[in-house]
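Below, chains carry the letters A, B, ... as their sequence lines are ordered, and counting in each starts from 1.
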Number of protein chains: 2
Amino acid sequence: MSSIEVVSPTIEEYLEAIYRLEKKKGSAKTGDLAKELNVALGTITNTIESMEKQNFITHKPYKGVNLTKKGRKIALDVVRRHRLSERLLTDVLHIDWSKTHDAACKLEHAIADKDIIKPLEKVLGKPKTCPHGNPIPSESGKVIEEKSELLANLGLGKEGIIVKVTDERPDMLQYLATLGLVPGANVQIEEKAPFNGPIIVKVMGASYALGRNVASVIWVKKNE
Amino acid sequence: MSSIEVVSPTIEEYLEAIYRLEKKKGSAKTGDLAKELNVALGTITNTIESMEKQNFITHKPYKGVNLTKKGRKIALDVVRRHRLSERLLTDVLHIDWSKTHDAACKLEHAIADKDIIKPLEKVLGKPKTCPHGNPIPSESGKVIEEKSELLANLGLGKEGIIVKVTDERPDMLQYLATLGLVPGANVQIEEKAPFNGPIIVKVMGASYALGRNVASVIWVKKNE
DNA sequence: AATATATATACGATGAATCGTACTTTTATT
DNA sequence: AATAAAAGTACGATTCATCGTATATATATT
């Protein structure tokens with residue numbers, strides 16, 4: 001059987017957040033978790049402790065939290081449900097990609113049942129990624145991560161296709177969408193100002209100056 | 001503004017259950033609630049007490065619980081979300097109507113946001129009823145209940161169109177579907193055995209003997 | 001090396017939702 | 001009217017998730 005363990009929505013949220021932070025920084029610090037989950041630090045300590053007892057994570061004080069095999073399995077399932085929820089919201093309900101994250105955070109816990117998630121995946125056409133370009137883990141927990149590099153690191157004159165956008169803030173996503181900076185779009189570096197100044201990119205014929213912070217959430221696959 | 005008050009999923013469940021029982025029996029007894037919500041009797045007493053303090057319900061011991069105006073408003077919103085969820089599950093995800101109830105009980109709490117429920121309603125084509133035929137309350141809380149009578153009470157030889165089925169048990173719904181006893185179907189009473197015996201009905205050319213308990217969850221609109 | 005900052009823990013407390021057992025009151029049955 | 005059955009309440013206890021304040025420890029900065 002090896003079906004996935006059922007845990008509370010809270011623990012699912014924690015596992016998901018740890019997964020994200022682990023991916024981004026290698027491990028999840030309690031402070032980052034507190035910010036991500038919007039709870040007090042002491043709460044993190046408490047919950048982390050109980051999660052370690054249940055063998056979902058390991059915690060080395062001051063070094064951060066990491067998922068165990070058992071924890072990762074659940075986390076991947078939550079991420080899978082989250083990203084399929086986002087696809088449902090954009091592809092079926094035609095909701096803007098800037099609004100999907102928060103809604104998906106609630107939906108993901110309501111579609112854990114196999115009888116729901118499988119038909120959902122099928123109806124959506126087995127999408128490989130969420131609307132922001134992040135891969136959707138398979139039922140068995142496989143993640144196919146497309147190789148890509150930061151737009152901010154792309155050399156002058158180089159061009160590539162946007163693969164994913166790693167920022168969920170609605171205002172940021174709205175901004176990117178108005179410029180056409182969405183997965184699939186072709187971008188070219190026209191200029192890179194020194195001292196970490198803005199980057200001028202060309203998208204669909206138009207040129208825009210992007211701050212480095214913006215260029216650091218966009219991942220592209222370089223055209224060779 | 002007059003937007004709908006936000007309460008916990010638990011309270012939403014209670015309000016929804018009270019709404020159903022009120023509709024069926026005029027009021028909700030604590031015992032019925034305990035069965036409906038699968039919790040201990042004492043738990044009902046506790047929660048009921050706090051809900052009465054918050055003015056969601058009134059409770060006359062041994063007489064039952066009833067919704068206040070405030071409570072009914074929330075209850076109708078929950079029912080609306082529940083039934084739209086069921087439509088999503090059947091119409092979009094093509095899930096069998098026998099499985100939608102339990103799944104919708106979870107989904108209903110995840111789609112409370114106006115930004116989600118409005119697009120959902122629109123995509124579904126503003127359906128008037130859930131897959132079982134129960135009316136979907138409007139955004140403002142209006143319920144348009146189609147006049148109907150129990151199949152069990154229909155006279156010999158009379159015929160009508162099934163309007164709704166008021167039973168959520170998966171096995172019952174599966175059984176009804178195999179006989180074609182679904183909303184919209186035309187049925188005719190061919191025979192009524194005495195002493196509350198079975199009723200023979202004709203559906204789509206075929207005849208079936210139904211127990212009274214089955215004929216008492218099917219509501220029809222008589223053809224005049 | 002000293003100090004400031006970031007990171008983490010301890011501890012006491014709260015509220016929501018739940019349980020189970022014992023007890024009480026009302027309604028139904030004989 | 002007596003009694004059995006159904007309905008409801010009281011009460012003590014538990015678990016989960018949370019808070020805030022105070023304190024401790026480690027890492028980074030000067």
Sugar-phosphate only, base, or nothing, as touched by B/Thr45 at under 4.0 Å among non-hydrogen atoms: base
Rounded distance [0.5 Å steps], CZ in B/Arg72 versus CD in B/Glu22: 4.5 Å
Distance, rounded to the nearest Å, where A/Met51 contributes CE and D/dT18 contributes P: 11 Å
Phosphate contact (D/dA17 OP1 or OP2) by A/Ser8 side-chain N/O below 4.0 Å: yes
Distance, rounded to the nearest Å, where A/Lys60 contributes NZ and D/dA26 contributes P: 15 Å
Separation of atom NE2 in B/His109 from atom C1' in C/dA16, rounded to whole Å: 15 Å
Interatomic distance where CD belongs to B/Glu49 and P belongs to D/dC11 [whole Å]: 11 Å
Value in whole Å for how far the P atom of D/dC16 lies from CG of A/Leu37: 18 Å
Footprint string (nucleotides 20-30 of chain C, 5' to 3'): B base within contact, S backbone only, - free, heavy atoms under 4.0 Å: -----BSS---
Under-4.0 Å salt bridge between B/Glu139 and B/Lys118: yes
Candidate pair B/Leu150 and B/Ile218, rule side chain to side chain contact (heavy atoms under 4.5 Å, CB included), full reasoning: CA-CA 6 Å; B/Leu150 274 180; B/Ile218 299 169; over 6 Å; no
Passing candidate, side chain to side chain contact (heavy atoms under 4.5 Å, CB included) with A/Pro137, options A/Val79, A/Asp77, A/Leu84, A/Val78: A/Val79
Residue of the set B/Val39, B/Thr30, B/Ile11 for which side chain to side chain contact (heavy atoms under 4.5 Å, CB included) holds with B/Thr47: B/Ile11
Euclidean distance, atom CG of residue A/Asn38 to atom P of D/dC19 [Å, nearest integer]: 9 Å
Salt-bridge present (B/Lys99, B/Glu168; N to O < 4.0 Å): no
Sugar-phosphate, base or nothing in reach of A/Ser50, heavy atoms under 4.0 Å: nothing
Short side-chain donor-acceptor distance under 3.5 Å, A/Glu49 and A/His59: no
Side chain to side chain contact (heavy atoms under 4.5 Å, CB included) between A/Val123 and A/Leu88, intermediate numbers included: CA-CA 9 Å; A/Val123 162; A/Leu88 172 69; over 6 Å; no
Between P of D/dC16 and CD1 of A/Ile11, the distance in whole Å: 9 Å
Whole angstrom value for the distance that separates C1' of D/dT9 from CD of B/Glu52: 14 Å
Neighbours of DNA chain C within residues 24-36 of chain B, by heavy-atom distance under 4.0 Å: none
Any B/Ile199 side-chain heavy atom under 4.5 Å of B/Val214 side chain: no
